[in-house]
Student: 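Supplied in structure tokens, the structure appears directly below.
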Amino acid sequence: MGNRATIEVKDETDSAPCYAYVHWNGAPEQVVEVVVKAAPVMRARDCQYAMARLIGTCHLEIDTKGGLSLGVTNYKEEFDNGHYVVDMPKGKITNEGKVIAEGLEFGQF
């Protein structure tokens, strides 16, 4: 099937208007790895810019497997690995309500 998940990015007041959909890279350690790589360029106070940078980093980092590796959607689904929330003000990533990474620092510009 895949290793699918959706990823949401939140700032202090809102969530980005879309979710990243990953088909093969949705395991917790993979999501944490790509968020950590993107974090320095993710504008902490602007979820829309931050989401764009996360998607860009996903695009550069994931191995392509046809056209199913990365997508953008306006809805979250309960795929194999569920739904992740990157909460920039709190510096953490949750998966289905469970904290899987914390102490993250995002771009301050």
Side-chain angles (χ1 to χ4, degrees):
M1 262 305 209
N3 192 15
R4 305 167 295 169
T6 51
I7 307 169
E8 176 179 354
V9 174
K10 294 173 62 171
D11 62 24
E12 294 172 345
T13 59
D14 206 2
S15 287
C18 65
Y19 306 118
Y21 163 77
V22 290
H23 190 87
W24 298 106
N25 296 77
E29 62 276 2
Q30 293 171 306
V31 172
V32 169
E33 180 180 348
V34 76
V35 171
V36 166
K37 286 181 179 181
V41 296
M42 291 174 70
R43 187 184 286 178
R45 291 181 176 83
D46 191 324
C47 60
Q48 295 180 27
Y49 275 86
M51 177 57 89
R53 291 300 188 160
L54 177 61
I55 291 169
T57 301
C58 287
H59 174 73
L60 292 173
E61 294 294 323
I62 63 177
D63 183 29
T64 59
K65 291 183 174 42
L68 300 175
S69 298
L70 176 64
V72 178
T73 182
N74 63 353
Y75 59 93
K76 56 186 171 184
E77 289 220 21
E78 300 304 319
F79 290 117
D80 310 306
N81 291 292
H83 182 74
Y84 296 88
V85 177
V86 179
D87 189 328
M88 294 188 297
K90 294 181 180 176
K92 68 180 183 178
I93 304 171
T94 57
N95 177 253
E96 303 304 317
K98 178 183 173 193
V99 176
I100 62 165
E102 54 191 336
L104 301 171
E105 294 185 25
F106 298 91
Q108 298 296 320
F109 47 90

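These numbers come from a predicted model, not from an experiment.
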Student: How long is the span from the CE atom in Met51 to the SG atom in Cys18, to the nearest 0.5 Å?
Tutor: 5.0 Å

Student: Does the side chain of Gln30 come under 3.5 Å of the side chain of Asn3 through a donor N or O and an acceptor N or O?
Tutor: yes

Student: Do Val35 and Tyr84 have side chains that get closer than 4.5 Å, going by heavy atoms?
Tutor: no

Student: Do Asp87 and Thr94 come close enough that some side-chain heavy atom pair is under 4.5 Å?
Tutor: no

Student: Not counting sequence neighbours, which residues clear side-chain contact (heavy atoms from CB on, under 4.5 Å) with Glu8? List them please.
Tutor: Lys10, Ser15, Tyr19, Lys76, His83, Val85

Student: Is there a donor-acceptor pair closer than 3.5 Å between any side-chain N or O of Asn95 and the backbone N or O of Asn81?
Tutor: yes

Student: Could you tell me whether the side chain of Asp80 and the main chain of Arg4 form a donor-acceptor pair under 3.5 Å?
Tutor: yes

Student: When you compare the side chain of Leu70 with that of Val22, does any pair of heavy atoms fall below 4.5 Å?
Tutor: yes

Student: Counting only heavy atoms not in Phe79 (residues, nucleotides, ligands), do more than 12 fall under 6.0 Å from its CZ?
Tutor: yes

Student: Side chains of Val34 and Asn25: does their closest heavy-atom pair fall under 4.5 Å?
Tutor: no

Student: Without swapping roles, check the side chain of Tyr21 against the backbone of Tyr75 for a donor-acceptor pair under 3.5 Å.
Tutor: no

Student: Atom CD of Glu29 and atom CD1 of Ile100: how far apart are they, to the nearest 0.5 Å?
Tutor: 8.5 Å

Student: Give me each pair satisfying salt bridge (charged side-chain N to carboxylate O under 4.0 Å, His left out) with a member in residues 100-109, each pair once, sequence neighbours excluded.
Tutor: none

